Amino acid sequence: MTSIGIHDLEVATAHHVLDLGLLAESKGIDPAKYRVGLGQDEMSMPAPDEDIVTMGASAAWEILRRHGTDGIRTLLFATESGLDQSKAAGVWVHELLGLPSQVRVVEVKQACYSATAAIQAAMGIVSRFPEERVLIIASDVARYELDSPGEPTQGAGAVAMLIGADPAILEIEPPSGIHTADVDDFWRPNDSSTAVVDGALSVRAYLDAMTGSWDDLAGRGGPAIGDIDRVVYHQPFTKMARKAQQRLDRHAGGSLGTLGLDSGSVYNRRLGNTYTASLYSSLASLLDHEEEDLTGKRLGLFSYGSGCVSELITGIVRPGYADADRSARVRAALDTRVPLDVPSYRSLHALEHSSVNDLETSHVTRAPFRFSGVRGRARQYERTDGAARLP
Ligand code: COA
């Protein structure tokens, strides 16, 4: 059987950053609550001319720069920050990247889980047509109400992945563990730009979904816990991964302890929650920061989307997976974000573009693509000087 999995992945983020120490001080909260209690140091925030399309296109652009577009006939865009009720955000990305018209584009949604559904769909396509590759983009802006408990767990970022046969990074194994249950832990009604959340319930639902996924994986002939070397998790805040690994060890009789938790959360601590991109940012973080050579090691990937659907997949790390250039690029993207003070953060948070009137945004982002405004109720995007022509 053909081996299929993640051939490449790339992380992109937004123009601004807010230090959570500043946010804590502004509220008279001990900064250790955020840094230690939640495990978050910073959160990314988009400039007014950035959104899920510009971040997603930036991440995908790097992938296409390295691999070209040959064999790509599908682009799956995973997000829960949708910009339109009908049009898939990936169609704008398709245009910005100059992809051929023979590429189907779809948006997939189920809270933070949907990039994993996209991977499963991509694996189905590649097993039928092994010469094809599928471009997946997970891109989100996590927004909660100002002064709510969720506020310090906001963030913004995108991960682009190329799924194909004989993958260079991670071969995904066939069995996976699934758990779905109707839970009102977190959702965003159509008339709200911020999420509605019962935080405590969402933590419980996440942990229950993880044990449910484990049980399903075990029942379908998945590996024993002792044969899994590291697990990366969806990280709404990085402390959640610690809670999850503790629960997994207890439930499955494992001894993972804190293995992989620090290396798998370096990016997440600084990006904040990136919803659909969070698990795969954690995967990139682990690959880029784990000191032990991961070649041949089995990873677990736990994907959770409130509401809720979860899936635990496993994969074997391929020789030559390490990419020093990616880690340098992600670090540079994080280090060069423009810091916000709390008043500027609050006014940026309040900014919402309506589609009713035409609008031209001012040019702030340094990314290769920008949201230039609204014309005739339709969103407009453009390449900037930073976008070299693709091969
Ligand atoms: N120093 C160190 N740790 C501190 C602290 C301090 N001064 N003050 C509090 N803490 C710890 C708490 O003990 C707690 O740790 P624990 O979870 O290990 O017990 C942690 O910080 C969070 O404190 P808590 O009082 O529970 O925070 P909160 O009620 O303000 O909200 C969430 C926490 C996660 C519920 C909230 O951020 C939220 O709603 N987030 C969005 C939803 C979400 O991300 N859900 C996750 C599943 S998808």
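All ligand and atom numbering here is 1-based and tracks the order in the structure. These values consider heavy atoms only, across backbone and side chains, with no hydrogens, waters or symmetry-generated copies. What you are looking at is a predicted structure, and each value in this text was computed from that prediction instead of being measured.
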For a quick check under 3.5 Å, do Tyr280 and Thr116 share a side-chain donor-acceptor pair by atom type? yes
Tell me every residue that passes side-chain contact (heavy atoms from CB on, under 4.5 Å) with Glu145, counting only those two or more places apart in sequence or in another chain. Ser148, Thr194
Going from OG on Ser213 to CZ on Phe302, what distance comes out if it is rounded to the nearest 0.5 angstrom? 4.5 Å
List in chain and number order the residues that pass side-chain hydrogen bond (donor to acceptor under 3.5 Å, both in side chains) with Asp208, two or more places apart in sequence or in another chain; answer none if no residue qualifies. none
Taking only residues two or more places apart in sequence or in another chain, which ones pass side-chain hydrogen bond (donor to acceptor under 3.5 Å, both in side chains) with Glu42? Arg270, Arg337
List ligand 1's nitrogen or oxygen atoms that come under 3.5 Å of a protein nitrogen or oxygen, with the partner atom and distance.
{"from": "ligand 1", "atom 1": "7 (N)", "to": "Asp30", "atom 2": "OD2", "distance (Å)": "3.0"}
{"from": "ligand 1", "atom 1": "15 (O)", "to": "Lys239", "atom 2": "NZ", "distance (Å)": "3.3"}
{"from": "ligand 1", "atom 1": "17 (O)", "to": "Lys243", "atom 2": "NZ", "distance (Å)": "2.5"}
{"from": "ligand 1", "atom 1": "18 (O)", "to": "Lys239", "atom 2": "NZ", "distance (Å)": "2.8"}
{"from": "ligand 1", "atom 1": "18 (O)", "to": "Lys243", "atom 2": "NZ", "distance (Å)": "3.3"}
{"from": "ligand 1", "atom 1": "27 (O)", "to": "Lys33", "atom 2": "NZ", "distance (Å)": "3.4"}
{"from": "ligand 1", "atom 1": "30 (O)", "to": "Lys33", "atom 2": "NZ", "distance (Å)": "2.8"}
{"from": "ligand 1", "atom 1": "37 (O)", "to": "Pro149", "atom 2": "O", "distance (Å)": "2.9"}
{"from": "ligand 1", "atom 1": "45 (N)", "to": "Ser202", "atom 2": "OG", "distance (Å)": "2.7"}

Positive for ring pair (Phe, Tyr, Trp, His ring centres under 6.0 Å) with Phe186, one of Tyr113, Tyr304, Tyr275: Tyr275
